[in-house]
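Below is one structure; the comments refer to it alone.
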Amino acid sequence: MSEKADKGGSSRKGGRRNLRERVKTARGRKLSSKLWLERQLNDPYVTRAKEEGYRSRAAFKLTEMDDKFHFLKKGGRIVDLGAAPGGWTQVSVARTGSDKGPSGTGGKVVGIDLQEVDAIPGADLYVLDFLEEDADIKVKEWLGGEADVVLSDMAAASMGHKQTDHLRIMALAEAAAQFAHDVLCEGGTYCAKVLQGGAEQELLRMLKQDFKVVRHVKPAASRADSSEMYVLATGFRGRQEVDEGEV
Ligand SMILES: C[S@@+](CC[C@H](N)C(=O)[O-])C[C@H]1O[C@@H](n2cnc3c(N)ncnc32)[C@H](O)[C@@H]1O
């Protein structure tokens, strides 16, 4: 957005109207929703997502991370935990080529969420709480084998209490790391949303044990004023088979 437009002026570039939108505080609309709406209307990633047919601005976070670290490979098997409304799943389909059918690259993308996700060609979408017992077994069945990548952009519905929200997101990321341990193939990748600040030690301990490399990544599409970031763990070491005779 041009500086002029940013200050409340308007400009027309490439035929597109470029206005900084302001939202009036209507009676009954809380200030927090007014600010949220204003931010959405002026967010370049929201505009790009609409133009490029992505269901969420979050699609650009995964795109950026994969552009840099190349973990969504053609023919890969991906599970997207917390897939709704489907932006990450769309990116996964495009990168693995899972929409090209069995004669194509052979990629497979499974998205699961507590909510229904509208169909995405090339992806299998299920309503499932990944915390359910046997969710890992179901997902492996749907994938047709172990996963190359476990993605989690999951967030629990906000309670409006910062510390509680933080703990709940971290609990989801830890459970997703355990899920990744159960479904990944050797060499596999785990990529999950976390929040900066405390309560991260347990997750990092689990990941360092299971993966060769663990990184924190803050994609440009992740809002600078948010404590959100992503943890990217690559090179899954594999599950140690426990000998039944061992105590
Ligand atoms: C921020 S959204 C994901 C956005 C998505 N990555 C995209 O690009 O469209 C987080 C999602 O996590 C889902 N979620 C939270 N807890 C879950 C659970 N236990 N099992 C499955 N999905 C869950 C929520 O329902 C929500 O739709």
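Indexing begins at 1, ligand by ligand and atom by atom, following the structure's order. Just so you know, these numbers come straight off a predicted model, no measurement behind them.
- Side-chain contact annotation: Gln201 with Arg205, donor-acceptor N/O pair under 3.5 Å absent.
- Annotation: cation-pi pair Arg48/Phe60 present, NZ/CZ under 6.0 Å from the ring centroid and within 45° of its normal.
- Looking at His216 and Glu200, their side chains do bring a donor and an acceptor atom within 3.5 Å of each other.
- Residue Asp80 places no N or O, backbone or side chain, under 3.5 Å from any N or O of ligand 1.
- Using a 4.0 Å heavy-atom cutoff, Ala155 is listed among the residues neighbouring ligand 1.
- In terms of protein heavy atoms, atom 25 (O) of ligand 1 is closest to Asp113 OD1, 2.6 Å.
- No hydrogens or angles considered: nothing links the side chains of Asp80 and Ser92 as a donor-acceptor pair under 3.5 Å.
- Only the backbone of Leu128 comes within 4.0 Å of ligand 1, judged by heavy-atom distances.
- Between Gln115 and ligand 1, an N or O atom pair is found at a separation short of 3.5 Å.
- Atoms of ligand 1 lying under 4.0 Å from any heavy atom of Ala58, numbered from 1 in the order shown and given with element: 8 (O).
- By the criterion of a heavy-atom distance under 4.0 Å, the side chain of Ser56, and not its backbone, is placed next to ligand 1.
- Close approach of ligand 1 to Asp129 is summarised as follows: ligand atoms under 4.0 Å from at least one heavy atom of the residue are 18 (C), 19 (N), 20 (N).
- For atom 2 (S) of ligand 1, the closest non-hydrogen atom of the protein is Ala84 O, 3.5 Å.
- Within the 4.0 Å heavy-atom shell around ligand 1 one finds Leu114.
- The nearest protein atom to atom 14 (N) of ligand 1, hydrogens excluded, is given as Met154 CG, 3.9 Å; this is a heavy-atom distance.
- At a cut-off of 3.5 Å, with distance as the only test, no side-chain donor of Tyr126 or Asp113 sits close to an acceptor on the other residue.
- With hydrogens left out, the protein atom closest to atom 6 (N) of ligand 1 is Asp153 OD2, 2.8 Å, a heavy atom.
- Near Ala83, with a cut-off below 4.0 Å to any heavy atom, the atoms of ligand 1 are 5 (C), 7 (C), 9 (O).
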